[in-house]
Amino acid sequence: MDVITTRKDLARWRAASRPSVFVPTMGALHEGHLSLMRLANRAADERRLHPGCVVSIFVNPSQFNEQADFDRYPRDLERDIALCEQQGASLVLAPGVEEVYPPGVEIATPPLPRVAWEPKLEDAARPGHFAGVCRVLMRLFQLVQPAAAVFGEKDWQQLQVARALSDQEHLGVEIIGAPIVRDADGLALSSRNARLSAEERLRALGLHRALDAASGASTPSEAEHVMHDILRGIHAEIAYCVVRDSRTLLPANAGPYRALIACRIGTVHLLDNAPWPEGPS
Ligand code: AMP
């Protein structure tokens, strides 16, 4: 497995390689990320692309709307590199900020796809977040030039934004969604879970419980009420808990639907979602 930190070395690697399957991450890798790599490796194999996958580890400053969240974000590059190697990745790209956004070089933010701003979900809870995500994705896609990229369903809106961006900008990158990986008790894995105290982690189980309970509701609005009640019960600061069209994320009268939750427990922003009315897996 190669580890590359500069654009120059990446260009050299690319010239000697077939188009790849790409897994963008912010590091602090956990089993959720590793499952994305395994899916990417299989996708590369099936599509006869470069064997293994390309994993980027880059904590993107422009997608954090709170400096404190960026500063507190966990980082452990050596451990991450070892985990990528164990999963059979072919390349880890771990660039510094100045490689992704070189001083003096204008890196444009693409027009935001509708699904990034219209639903008033993550876009409302974290203003500027998807502008930062789209900007870094365009840049990383430009650097890596992958044939396909894998994104977790955990960040459901981000997955739809990545799809829309690839279509809109004619990037030709196939966007592949990967199922949510959960702890045995149902909590969706997240690098941010490390910041939950034991008591907060127990409360955080309410997200999964809310999605589960909502799956039994007979209408989207009843499902939203059920989720609200459970989230209020765990004293979560609710950003949204809704049932929406699974692709546009707008309110809808016909399925397929997705139930989506975002809330803050303590200082930690948590997300979860599930197909509705099926409930979380
Ligand atoms: P992050 O490092 O948080 O930016 O996440 C990198 C990728 O891993 C994104 O596509 C996430 O959706 C995905 N991911 C994070 N947590 C999980 C999880 N528990 N299950 C599946 N994918 C995940």
Side-chain angles (χ1 to χ4, degrees), residues 21-40 43 53 55-60 63-64 69 73-74 80 83 87 115-116 119 121-123 125-126 129-130 132-134 136-137 148-165 175-196 200-201 204-212 214-215 227 231 236 238-244 246-247 249 256-265 268-276 278-281:
V21 183
F22 179 37
V23 181
T25 83
M26 297 203 296
L29 302 180
H30 52 64
E31 187 51 39
H33 298 110
L34 306 190
S35 77
L36 264 55
M37 292 180 212
R38 292 193 291 272
L39 184 63
C53 59
V55 181
S56 66
I57 297 175
F58 179 62
V59 185
N60 172 34
Q63 75 186 69
F64 286 81
D69 194 26
Y73 203 82
D80 287 348
L83 288 170
Q87 296 306 316
V115 68
L121 298 176
E122 280 305 287
D123 39 321
R126 304 164 79 191
H129 170 69
F130 279 129
V133 168
C134 287
V136 78
L137 281 182
V150 180
F151 291 82
E153 292 183 351
K154 159 85 176 4
D155 299 278
W156 184 263
Q157 189 174 6
Q158 174 174 274
L159 170 61
Q160 310 313 319
V161 169
R163 282 211 172 103
L165 187 69
I175 305 296
I176 302 171
I180 300 177
V181 177
R182 300 176 178 283
D183 267 333
D185 55 13
L187 182 66
L189 298 188
S190 164
S191 309
R192 291 190 170 90
N193 291 352
R195 289 192 355 237
L196 294 167
E200 287 167 344
R201 197 190 173 290
L205 295 178
L207 278 78
H208 180 262
R209 241 187 0 258
L211 291 168
D212 201 23
S215 69
M227 292 194 288
L231 294 175
I238 302 171
Y240 55 86
C241 75
V242 292
V243 174
R244 295 284 180 90
S246 66
R247 284 291 165 136
L249 302 188
Y257 295 104
R258 198 90 191 171
L260 301 132
I261 293 176
C263 61
R264 194 182 276 263
I265 296 195
V268 187
H269 181 69
L270 295 173
L271 297 182
D272 206 345
N273 67 83
W276 185 83
E278 289 90 342
S281 49

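Residue numbers count from 1 along this sequence. Not measured: the values here are computed from a predicted model.
Considering NE2 of H208 and CG of L187, their distance stands at 9.5 Å, rounded to 0.5 Å. Between the NE2 atom of H269 and the CZ atom of R192 there is a distance of 7.0 Å, given to the nearest 0.5 Å. Considering CD1 of I180 and CG of L271, their distance stands at 9.5 Å, rounded to 0.5 Å. Taken to the nearest 0.5 Å, the CG atom of L260 stands 8.0 Å off from the CZ atom of R244. Annotation: the span from L137 atom CG to F130 atom CZ amounts to 10.0 Å, rounded to 0.5 Å. Remark: N193 CG to L189 CG distance equals 7.0 Å, nearest 0.5 Å.
The pair R258-E153 meets the salt-bridge criterion, since a charged nitrogen lies less than 4.0 angstrom from a carboxylate oxygen. Look at E200 and R264 and you find no salt bridge, because none of the NZ, NE, NH1 or NH2 atoms lies under 4.0 Å from a carboxylate O. Note on D272 versus K154: no salt bridge recorded, every NZ/NE/NH1/NH2 to OD/OE distance being 4.0 Å or above. Salt bridge absent: R209 and D185 never bring a charged side-chain N and a carboxylate O closer than 4.0 Å.
Here the side chains of D155 and E122 are not in contact, with every heavy-atom distance at 4.5 Å or above. Side-chain contact check for N60 versus V133: every heavy-atom pair is 4.5 Å or farther apart. Contact annotation: the side chain of L249 approaches that of W156 to within less than 4.5 Å [non-hydrogen atoms, C-beta and beyond]. Using a 4.5 Å heavy-atom threshold, the side chains of D183 and R201 count as touching. No side-chain heavy atom of I57 sits under 4.5 Å from any side-chain heavy atom of M26. Proximity of D69 to R195: side-chain heavy atoms (C-beta onward) are separated by under 4.5 Å at one or more points.
A distance-only check finds no donor-acceptor pair linking the side chain of N273 to the backbone of A259 [under 3.5 Å]. Side-chain atoms of W276 come within 3.5 Å of backbone N or O of A214 as a donor-acceptor pair. Judged purely by atom type and a 3.5 angstrom limit, S56 has no side-chain atom pairing as donor or acceptor with the backbone of F58. Checking side-chain atoms of H129 against main-chain N and O of D123 turns up no donor-acceptor pair under 3.5 Å.
Residues P24 and V150 share a closest heavy-atom pair of CD-O, 3.7 Å.
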